[in-house]
Number of protein chains: 2
Amino acid sequence: MTTPGRGLHGHVLDTLGPAITAGEYPPGSVLRTDELAQRFEVSRSVMREAVRVLESMHLVESRRRVGVTVRPKAEWNVYDPQVIRWRLAGADRPHQLRSLTVLRSAIEPVAAGLAAQHATAEQCAELTECALGMVANSRGHKLDKYLVHDIAFHRVVLTASGNEMFARLGDVVAEVLAGRTHHEVMFEDPDPAAVTLHVGVAEAVRAGDAPRAEELTRQIAVGALQELDILAP
Amino acid sequence: MTTPGRGLHGHVLDTLGPAITAGEYPPGSVLRTDELAQRFEVSRSVMREAVRVLESMHLVESRRRVGVTVRPKAEWNVYDPQVIRWRLAGADRPHQLRSLTVLRSAIEPVAAGLAAQHATAEQCAELTECALGMVANSRGHKLDKYLVHDIAFHRVVLTASGNEMFARLGDVVAEVLAGRTHHEVMFEDPDPAAVTLHVGVAEAVRAGDAPRAEELTRQIAVGALQELDILAP
DNA sequence: TGTGACATATAAGTCTGACTTTTTGTCGCT
DNA sequence: AGCGACAAAAAGTCAGACTTATATGTCACA
């Protein structure tokens with residue numbers, strides 16, 4: 001997604017970020033800039049830049065005469081895409097995946113309802129195209145191709161909602177869907193009911209039927225929650 | 001909220017951040033580190049740290065031989081609390097307030113439903129206390145006191161949901177509520193219906209009645225949307 | 001006239017060392 | 001025990017020199 005390790009400070013972040021978000025340094029742990037600079041074999045300037053970025057994510061706090069202290073998890077900027085990626089890549093993955101799926105279940109139905117009101121003709125076309133692509137790859141071990149269309153589908157819905165906050169969740173949803181397909185419990189072929197629901201959403205959006213688009217998307221969300229045993233089946 | 005201007009690089013951010021998020025530099029604009037360092041009368045090291053932070057927010061992109069280019073709005077990390085504050089403080093305020101209110105309307109009902117299932121006894125007590133505080137200050141020009149309890153109420157609900165992503169929206173909701181009271185259209189006294197709804201939510205959460213908590217919160221959300229003319233009355 | 005290789009200028013990136021500032025812990029005095 | 005002065009520690013700041021990547025212009029050749 002984002003270019004990894006761009007520059008020396010990026011390389012440092014690629015190591016320190018995952019370590020912190022994985023809880024390797026408990027809250028209150030103290031790091032010292034000079035020591036870190038030595039450990040990563042970079043200059044203090046580079047290390048300081050890395051610390052500034054971690055600080056802007058509220059992962060750490062830098063105080064004079066004390067050092068760089070790790071903040072409690074409750075203060076982290078958990079919506080930062082970088083933080084989300086780090087957590088998804090580490091031991092926190094299952095927990096993060098659940099949090100995000102609950103978030104999706106709240107957002108996407110509303111987004112679909114708004115999309116039904118605001119989607120352009122072009123977006124409607126994209127949507128049906130995505131739905132068709134899902135149908136076409138819903139049988140016969142074509143999970144990867146299915147995934148591409150699934151991701152595109154949800155991204156279009158979020159974008160078409162016309163709300164910038166929703167739109168920016170496209171990347172997050174993509175990570176969740178990809179994660180589910182590649183690492184979590186995903187049956188050999190996707191649930192046919194889910195595929196049908198996606199087609200229905202595309203139709204509802206095209207027809208401008210907001211309540212129906214919202215309701216169908218809510219059912220998709222229920223399915224996603226059930227997959228992770230968040231909701232009783 | 002967050003300590004402003006902590007250190008020189010913080011002061012630079014306090015000026016550059018609002019300027020960029022206000023659209024003063026159109027997407028693609030090129031800034032040069034050295035020039036900025038001169039303008040703000042800081043060393044290049046400090047300026048570089050500031051740029052790194054802006055880069056981590058996806059507000060700018062730094063490339064060799066080119067400079068620091070401003071990214072299009074669609075790529076910004078719009079969930080970054082700092083970015084939200086900057087936008088709320090600038091000309092983008094009304095638009096940002098609308099986006100956030102729509103976000104709230106999607107999240108909070110679900111959060112309330114979850115809170116009804118997961119809230120501790122202590123959280124239930126806090127909630128009723130907040131609701132009572134709202135009732136007590138709902139008449140007679142006590143908007144500021146009312147606001148305090150209103151903010152606390154929504155923060156408790158979001159926290160009690162047990163979802164970390166929801167919980168972290170507490171600050172955002174606080175900003176929206178404060179913004180509505182202080183700058184936007186807010187009648188002399190809060191809508192009595194809204195107050196009643198809050199009391200109802202507190203009761204529903206205490207009773208563990210998730211559907212009711214969700215539905216009542218949804219009605220609160222509808223009210224908030226109507227206030228901003230997002231929803232037809 | 002167009003195209004490819006090459007040279008050059010430019011701005012970010014990096015490193016180092018010296019200095020400043022703030023904060024905290026400690027020690028001695030009352 | 002309380003209080004104030006002092007010293008140490010770590011981040012913060014700055015200046016300057018050097019490195020590296022790369023966009024762009026130039027020139028020879030087809």
Side-chain angles (χ1 to χ4, degrees), chain A residues 2-17 19-20 24-72 75-76 82, chain B residues 2-17 19-20 24-72 75-76 82:
Chain A
T2 316
T3 320
R6 181 173 75 262
L8 281 190
H9 93 283
H11 176 253
V12 171
L13 283 174
D14 288 340
T15 308
L16 253 192
I20 295 175
E24 262 173 59
Y25 305 93
S29 301
V30 176
L31 312 171
R32 265 156 303 150
T33 312
D34 299 29
E35 185 183 296
L36 290 174
Q38 279 191 11
R39 169 136 60 97
F40 290 103
E41 298 180 309
V42 295
S43 67
R44 292 197 316 283
S45 348
V46 169
M47 197 61 225
R48 295 184 98 284
E49 287 171 25
V51 167
R52 283 282 177 263
V53 173
L54 294 175
E55 203 177 21
S56 87
M57 296 169 174
H58 275 66
L59 295 184
V60 302
E61 189 184 1
S62 179
R63 277 165 53 199
R64 272 184 153 126
R65 162 67 208 224
V66 174
V68 178
T69 63
V70 177
R71 288 190 181 229
E75 295 176 12
W76 297 349
Q82 184 76 263
Chain B
T2 315
T3 320
R6 186 173 68 260
L8 280 191
H9 95 282
H11 176 252
V12 171
L13 283 175
D14 287 341
T15 309
L16 253 191
I20 295 176
E24 262 172 60
Y25 304 92
S29 301
V30 176
L31 311 171
R32 266 155 304 152
T33 311
D34 302 28
E35 184 183 296
L36 290 174
Q38 279 192 12
R39 168 135 62 96
F40 290 102
E41 299 179 307
V42 295
S43 67
R44 286 192 309 133
S45 344
V46 169
M47 197 60 226
R48 293 182 101 294
E49 288 170 27
V51 168
R52 283 281 176 262
V53 172
L54 294 175
E55 203 176 23
S56 87
M57 296 170 174
H58 274 65
L59 294 184
V60 303
E61 189 184 1
S62 178
R63 276 166 55 200
R64 270 184 152 126
R65 164 68 210 233
V66 174
V68 178
T69 63
V70 177
R71 289 188 175 223
E75 295 176 13
W76 297 350
Q82 185 74 264

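In the text below, chain A, chain B and the rest are named by the order of the sequence lines, each starting its count at 1. Owing to the predicted nature of the structure, the values given are computational and were not obtained by experimental measurement. Side chains are part of it too, since the values below use all heavy atoms of this structure and drop only hydrogens, waters and symmetry mates.
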Q: Kindly compute the distance separating NE2 (A:H9) from CE (A:M47), expressed to the nearest 0.5 Å.
A: 10.5 Å
Q. What integer distance in Å separates A:F40:CZ from C:dT14:C1'?
A. 17 Å
Q: Measure from CD on B:E61 to P on C:dA11 and round the result to the nearest Å.
A: 17 Å
Q) Does a side chain donor of either A:S56 or B:S56 reach within less than 3.5 Å of an acceptor in the other side chain? A) yes
Q. Of B:L59, B:V60, B:L16, which is the lone residue that meets side-chain contact (heavy atoms from CB on, under 4.5 Å) with B:Y25?
A. B:L16
**Q.** Derivation and outcome, salt bridge (charged side-chain N to carboxylate O under 4.0 Å, His left out), residues A:E55 and B:R6
**A.** CA-CA 11 Å; A:E55 203 177 21; B:R6 186 173 68 260; 3.1 Å; yes
Q: Summarise protein proximity over nucleotides 8-15 of chain D in one line of letters, 5' to 3': B for base, S for sugar-phosphate only, - for none, counting protein heavy atoms closer than 4.0 Å.
A: BBBBBBB-
Q: Look at atom CD of B:E75 and say whether more than 12 heavy atoms of other residues, nucleotides or ligands are closer to it than 6.0 Å.
A: yes
